[in-house]
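Here's the structure we're looking at; comments come further down.
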Number of protein chains: 2
Amino acid sequence: MSGKSTSSSKTTTKARRSHNRVQPLLDAAAKLFATKGYKETTMRDIGSEIGMLPGSVYYHFKSKQELLLAVYEQAVTGIKTRLLAAIADEQDPWRKLEVAVVTHTETILDQNDYAHVMIGVLPDKAPEIQQELTALRDGYEAILIELIDELPVRKGIDRKLLRLMLLGAINSTQIWYQEGTISPEEIARTFVGYIKDPVAK
Amino acid sequence: MSGKSTSSSKTTTKARRSHNRVQPLLDAAAKLFATKGYKETTMRDIGSEIGMLPGSVYYHFKSKQELLLAVYEQAVTGIKTRLLAAIADEQDPWRKLEVAVVTHTETILDQNDYAHVMIGVLPDKAPEIQQELTALRDGYEAILIELIDELPVRKGIDRKLLRLMLLGAINSTQIWYQEGTISPEEIARTFVGYIKDPVAK
DNA sequence: TCATTAACCAAACAAGTATTTGTTTTTCTA
DNA sequence: TAGAAAAACAAATACTTGTTTGGTTAATGA
């Protein structure tokens with residue numbers, strides 16, 4: 001569940017107003033968390049991004065940590081949906097993984113603030129909701145675990161290490177990637193290729 | 001140069017007293033920056049770690065950022081020395097890389113606070129000294145660039161991407177690594193192996 | 001021995017922090 | 001169109017932050 005739970009009419013889950021600024025708020029928070037970092041972003045920053053006073057944010061979210069949690073939730077939902085849709089048509093395990101990794105890379109590099117937060121803001125930055133954040137991350141990674149489990153690999157290959165290696169490499173692109181040169185898709189394909197086939201001659 | 005530059009006698013670079021607590025200070029800062037993060041660590045935290053008042057820290061370092069810079073400098077010096085010593089005896093390029101990666105991994109995983117800071121605290125956390133921090137990082141990575149340049153690889157391999165992939169994977173171990181299971185050395189060897197030789201069957 | 005000064009303490013400072021409270025405006029609905 | 005709830009403001013709260021200032025102690029070298 002996301003957002004706040006007000007007393008709602010029985011049938012509809014939520015009775016919100018048309019002029020609702022929860023989403024703009026989340027967008028602003030995601031943008032700032034992604035670019036400046038969680039701790040470095042103040043409630044003033046977030047509020048002023050959409051012309052709202054810092055105190056007013058607390059009508060929608062009961063704390064800064066809850067705001068981060070909401071961003072995380074929306075991030076996971078989005079990236080999960082996109083990923084599952086992308087691999088739906090594929091059959092070959094290696095091809096499936098490649099498509100998944102390409103999608104993942106594109107999502108975290110194409111200025112998607114939400115995904116950027118999910119990858120870049122580690123759960124330990126918000127101790128009180130650390131477990132929830134970790135659970136959300138795990139929920140996403142479960143998909144990749146499955147994909148790698150189905151991979152035909154040489155004997156003795158540690159699939160868990162393989163996943164951590166691939167994900168570590170991909171997620172760190174966020175640190176050095178700059179638009180205009182190599183594309184996210186190319187990066188992803190290359191990384192998968194360097195693992196699948198030998199690099200040495 | 002590290003530390004402060006006071007008026008020193010002509011011959012010696014520094015005329016310090018015996019009871020000098022600069023090093024304990026750096027150790028405390030490194031420890032806290034590594035575990036809690038830069039922004040999350042206060043000058044009070046650092047001071048009280050060695051029984052010193054926060055204001056007193058400013059006798060040795062003129063700001064929190066300068067303190068981080070000093071930690072960075074010591075980190076680079078240490079990890080560089082260790083790495084160069086480790087690869088000195090090796091001849092084969094792949095073997096050389098493997099030894100280098102093993103050393104690097106051991107350094108950042110074996111509770112070495114300094115290296116932990118250098119890898120985990122990104123330069124943009126301290127904007128005023130961002131350039132200096134980046135330069136220090138680059139100075140270290142230059143060694144790895146050279147090692148990878150000498151690697152005999154298949155045609156079409158992008159050596160820069162290869163380095164970013166390997167380093168990204170290795171540095172991200174910091175996030176999930178836990179003592180007691182697989183060793184840093186084993187992780188490093190495995191990662192290099194997964195790149196060198198094919199994973200697919 | 002004694003002036004020097006490195007090294008620290010004690011105490012405050014000014015600015016910024018997340019958050020709370022009471023009040024007002026806006027918007028929907030009955 | 002009145003009334004109620006939603007959504008925001010205005011202003012303060014309680015606290016933490018990095019940093020500064022001026023005084024104190026003790027090691028050092030001339």
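Cation-pi contact between A:K64 and A:Y38: present, with separation from the ring centre below 6.0 Å and deviation from the ring axis of at most 45°.
Heavy-atom minimum distance, B:M118 versus B:Y72: O-OH, 3.4 Å.
Counting to the nearest Å, the P atom of D:dT19 and the CD atom of B:E66 are 10 Å from each other. When rounded to the nearest whole Å, the span between OH of B:Y58 and P of C:dC13 equals 17 Å. Distance CG (A:L53) to P (C:dG22): 18 Å, rounded to an integer number of Å. Rounded to whole Å, atom C1' of C:dT17 lies 11 Å from atom CE of A:M43. Put simply, NZ on A:K39 is 16 Å from P on C:dG16, counting in whole angstrom units. Following rounding to the nearest Å, B:K36 (NZ) and D:dT17 (C1') show an atom-to-atom distance of 12 Å. A:R44 has its CZ atom 15 Å from the P atom of D:dT13, to the nearest Å. Remark: C1' of C:dT19 and CD of A:E128 are 13 Å apart, rounded to the nearest angstrom.
Note on A:S56: a base of the nucleic acid sits closer than 4.0 angstrom, heavy atoms only. Across all strands, A:R21 comes closer than 4.0 Å only to sugar-phosphate atoms, never to a base (heavy-atom distances). Counting any heavy atom pair closer than 4.0 Å across all strands shown, B:G51 reaches sugar-phosphate atoms only and no base atom.
Closest to the side chain of B:Y59, out of C:dT17, C:dT19, C:dA6, is C:dA6. Distances were taken from every side-chain heavy atom of A:H60 (C-beta onward) to each of D:dA7, C:dT17, D:dT17; the shortest belongs to D:dA7.
No donor-acceptor pair closer than 3.5 Å links the side chain of A:K31 to the backbone N or O of A:E49.
Residues B:L97 and B:V101 have side chains in contact (heavy-atom distance under 4.5 Å, counting atoms from C-beta outward).
Both B:Q65 and A:M52 lie near DNA chain D, and the one whose nearest nucleotide falls closer to the 5' end is A:M52. Along DNA chain C, the nucleotide nearest A:E40 and the nucleotide nearest A:G55 are compared for position; the residue whose nucleotide lies closer to the 5' end is A:E40. Between B:P54 and A:T42, it is B:P54 whose nearest contact on DNA chain C lies nearer the 5' terminus.
For B:D45, the salt bridge (Lys or Arg N to Asp or Glu O under 4.0 Å) criterion is met by B:K36, not counting sequence neighbours.
To the nearest 0.5 angstrom, A:L151 atom CG is 6.5 Å from A:R159 atom CZ.
Non-hydrogen atoms lying under 4.0 Å from DNA chain D are contributed by nothing in residues 23-35 of chain A.
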Full working for salt bridge (charged side-chain N to carboxylate O under 4.0 Å, His left out) between A:R189 and A:E186: CA-CA 5 Å; A:R189 280 193 206 282; A:E186 208 169 340; over 6 Å; no
